[in-house]
There are 2 protein chains.
Amino acid sequence: MGRKRLQEPADGRPTVHTVAARAGVSIASASRVLNGVGGSPETIRKVREAAAEVGYVPNAIARSLQSQRTGLVALAVEDIGNPVYVEMMRAIEAVVASSGRQLLVHATGGRIDNETALLRRLANRYVDGMIVSPIRVTDDHLTALTDSPVPVVVVGQLGADAPIDNVRTDSRHGVALAVDHLVATGRRRIGFVNGPLDTVPGAARDAGFRAALDRHGIPLDDELIEVGDFQYAAGRAATERLLARADPDALVCANDLIAVGALHALLVAGRRVPQDVALVGMDDTELARMMFPQLSSVSLGSAERGRRAAELLLQRIADAALPPRREQVPPNLVVRASSAATLPTPRPAAGSAGPPTTHPSSEGVTA
Amino acid sequence: MGRKRLQEPADGRPTVHTVAARAGVSIASASRVLNGVGGSPETIRKVREAAAEVGYVPNAIARSLQSQRTGLVALAVEDIGNPVYVEMMRAIEAVVASSGRQLLVHATGGRIDNETALLRRLANRYVDGMIVSPIRVTDDHLTALTDSPVPVVVVGQLGADAPIDNVRTDSRHGVALAVDHLVATGRRRIGFVNGPLDTVPGAARDAGFRAALDRHGIPLDDELIEVGDFQYAAGRAATERLLARADPDALVCANDLIAVGALHALLVAGRRVPQDVALVGMDDTELARMMFPQLSSVSLGSAERGRRAAELLLQRIADAALPPRREQVPPNLVVRASSAATLPTPRPAAGSAGPPTTHPSSEGVTA
DNA sequence: AGACTCCCCGGAAACGTTTACAGCTATCGG
DNA sequence: CCGATAGCTGTAAACGTTTCCGGGGAGTCT
């Protein structure tokens with residue numbers, strides 16, 4: 001039994017060679033049995049036995065090299081602490097795990113160079129595919145996306161013509177839902193706390209807010225608009241600035257973190273929510289339900305978008321020849337205590353673009 | 001120039017063979033140049049040029065197979081939505097990234113089988129090391145940990161004798177800090193909302209609470225103790241149950257999510273915080289600062305523990321022969337508005353185990 | 001009984017990289 | 001002028017797996 005090459009690595013971990021030698025079969029047979037394809041009952045027994053005895057576990061890297069797939073899928077988001085991404089991640093992880101793959105998470109911090117570097121690194125094939133949710137999109141991004149050698153799915157807006165799988169929502173319309181609701185419940189001095197205007201969601205929400213006010217014939221008051229970034233602290237600070245110069249009776253916030261900051265600022269300033277100021281957040285994360293009062297929020301279907309993105313990605317991994325697809329998840333206003341209709345003269349909604357679907361709030365305000 | 005094997009893969013992506021052929025050198029020379037080791041000026045030029053022309057990117061998997069390291073580090077935690085793990089993850093990611101590696105995140109959902117499966121899967125070497133923060137520890141765990149073929153660092157308590165790198169805190173003492181503080185500010189009917197007692201942190205915190213009351217000579221009232229799991233909803237429900245049968249003047253919660261749930265329940269029940277009930281959470285996550293009033297919380301140094309764990313792991317990856325180490329991060333009470341001393345007869349702390357270090361709260365209660 | 005089919009098995013190639021080894025050239029010192 | 005040395009280069013092995021292919025044995029059908 002002359003063996004051609006060293007079969008036992010110095011670190012003593014068993015390989016398929018070890019198992020084969022011990023079972024007295026060829027590595028080909030061993031491999032076949034271990035993969036459950038073929039093998040006579042006798043060899044199956046011998047190989048299984050030998051594998052169990054030496055505690056054989058196949059090496060994932062060697063397998064990947066051979067099969068040209070790693071079983072890994074990456075997700076790149078700006079901020080892993082933002083609950084909206086947590087929800088998205090959970091949904092993605094569920095789909096990815098059910099396909100027997102694992103999820104690799106990158107936090108980009110929203111830095112462009114970081115993101116493109118990540119995309120370019122895809123070329124080394126450490127991962128089978130990637131889901132990315134950029135908040136800023138540059139040309140550099142687009143080229144990196146289009147000539148990525150592994151499948152990429154984008155969550156969020158993208159240039160209309162880019163031939164890249166893409167699942168988006170309509171946050172313009174989302175803001176409109178919020179404004180419609182506030183107007184319908186009698187609010188008129190509606191403020192807006194947004195994220196940076198040079199981000200895709202920031203710009204879309206700004207446009208949505210202006211359009212919605214316009215549609216209701218409410219003149220735009222720049223004093224009622226503030227901008228920070230998409231974080232709690234910025235939301236709170238922005239709201240403090242806004243309150244220092246204006247007196248809103250309602251506030252729309254570009255995401256839930258900002259809304260939580262705004263709530264804090266409002267309460268510190270002695271405003272009652274919703275009696276003095278109604279508050280509507282965006283993303284409808286679990287954070288909205290944790291607050292007191294619970295926050296109304298426009299769901300942008302983050303979990304659903306995540307789920308769809310993961311499915312698109314898996315399909316594309318399975319078949320690279322698929323045409324690029326684009327899916328859209330509609331926004332959906334969830335009304336809770338923070339914008340309950342407590343103004344003296346609430347009027348029924350009129351002329352709003354489609355009746356907002358509302359989930360019943362689990363609780364009202366306890367006065 | 002007869003070539004021995006097919007050099008151009010069907011998918012047309014360049015390999016080191018492509019580059020070598022194009023540059024007119026051997027693959028060994030090409031590899032050497034691309035790795036920046038050796039090569040004459042002339043070959044360096046030719047190879048660099050050829051690589052640039054074909055857009056060569058080395059294949060990470062093949063490299064891993066050869067070098068026996070993947071450049072990946074895994075983190076397994078129960079719930080990726082819990083802000084305490086987000087903070088820990090951020091710290092770990094920072095360390096890991098600065099070593100040129102990437103972080104792979106697993107959510108175990110606290111299910112034992114899930115966790116041990118993950119540990120056993122390590123045997124296939126898809127990752128260079130792993131940080132795991134189990135909330136339950138079984139014998140199965142321990143054996144899986146000890147005979148893991150790749151380095152593992154545990155964040156959290158572990159059997160005293162287990163020869164595994166381990167960074168822990170003293171949450172018993174953490175609870176004591178909270179109780180001391182509440183007693184010192186005049187509270188006597190101190191309730192406790194804990195997580196499951198069959199988890200390591202749950203058991204430790206329970207023991208800490210009982211010991212602290214005992215130390216202060218306060219009789220234990222089982223009516224004032226409730227148990228849920230470590231989530232917001234459970235904390236809220238548990239607090240509702242507690243309030244239905246008892247009348248605490250303070251509440252210690254086993255983590256911040258529970259504390260947020262408790263705050264919600266208290267406010268819904270019409271109790272003022274901190275005037276009627278003082279509230280102290282645990283973990284000191286950003287959530288504590290987001291609430292109104294801001295929550296006092298016992299920091300267990302999650303970021304610090306994460307950072308240390310990552311460093312231990314990297315060191316062990318570099319040198320497997322290191323003796324097992326154990327590090328400890330002390331808890332630290334941060335007092336904020338939710339437990340401000342507003343009772344009529346606050347007395348100074350006496351006999352408490354070491355003066356609690358307190359960060360000044362960024363704001364008081366606005367009455 | 002012979003031919004054909006089916007299945008099982010082992011050798012060897014392949015995935016794409018790094019690297020030990022040996023051969024070669026050129027330079028330098030004696 | 002010759003031997004040693006240093007530096008570069010190419011061949012080939014190695015990492016651990018899967019899979020193609022050809023050979024052989026057993027079973028079946030004609």
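Reminder, nothing fancy here: chain letters follow the sequence lines and each chain counts from 1.
In this structure, the side-chain contact (heavy atoms from CB on, under 4.5 Å) partners of A/Val25, at least two apart in sequence or on a different chain, are A/Ala20, A/Ala23, A/Ser29, A/Ala30, A/Thr43, A/Lys46, A/Val47. For A/Asn82, there are no side chain to side chain donor-acceptor pair (under 3.5 Å) partners, not counting sequence neighbours. Under the rule for a side-chain contact (heavy atoms from CB on, under 4.5 Å), the partners of A/Leu313 that lie at least two apart in sequence or sit in another chain are A/Val73, A/Ile131, A/Pro151, A/Val153, A/Ile317. Applying the side chain to side chain donor-acceptor pair (under 3.5 Å) criterion to A/Thr70, with sequence neighbours excluded, gives A/Asp128. Residues forming a side-chain contact (heavy atoms from CB on, under 4.5 Å) with A/Asp113 (at least two apart in sequence, or on another chain): A/Arg111. Remark: A/Arg101 pairs with A/Ser99 by the side chain to side chain donor-acceptor pair (under 3.5 Å) rule, at least two apart or across chains. Not counting sequence neighbours, A/Pro41 has no partner by the side-chain contact (heavy atoms from CB on, under 4.5 Å) test. Scanning for side chain to side chain donor-acceptor pair (under 3.5 Å) contacts around B/Arg45 gives B/Glu42, B/Glu49, with sequence neighbours left out.
Residue A/Ile27 is in base contact, counting any heavy-atom pair closer than 4.0 Å across all strands shown.
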Which atoms of nucleotides 24-26 of chain C (N or O only) lie under 3.5 Å from a protein N or O atom, and what are those distances?
none

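The side chain of A/Ala62 lies closest to D/dT17 when the candidates are C/dC9, D/dT17, C/dG11. Set against C/dT18, C/dC9, D/dT19, the side chain of B/Ser31 has C/dT18 as its closest nucleotide. Each of D/dT9, D/dT17, C/dT17 was ranked by its minimum atom distance to the side chain of B/Ser29; first place goes to D/dT9.
Mapping B/Gln66 and B/Ser26 onto DNA chain D via the closest heavy atom, the residue that lands nearer the 5' end is B/Ser26.
The stretch residues 32-54 of chain A comes close to DNA chain C through A/Arg32, A/Gly39, A/Ser40, A/Thr43, each having a heavy atom under 4.0 Å from the strand.
One axis for each end of the helix from C/dA1-D/dT30 to C/dG30-D/dC1, each built from five base pairs, and the angle between them comes to 50° at 10° resolution.
At C/dG16, none of the side-chain N or O atoms of A/Tyr126 fall inside 4.0 Å of OP1 or OP2 (strictly under the cut-off).
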Can you give me every donor-acceptor pair (side chain of residues 88-95 of chain A, partner residue at least two apart or in another chain, under 3.5 Å) with its distance?
residue, atom, partner, partner atom, Å
A/Arg90, NH2, B/Asp79, OD1, 2.8

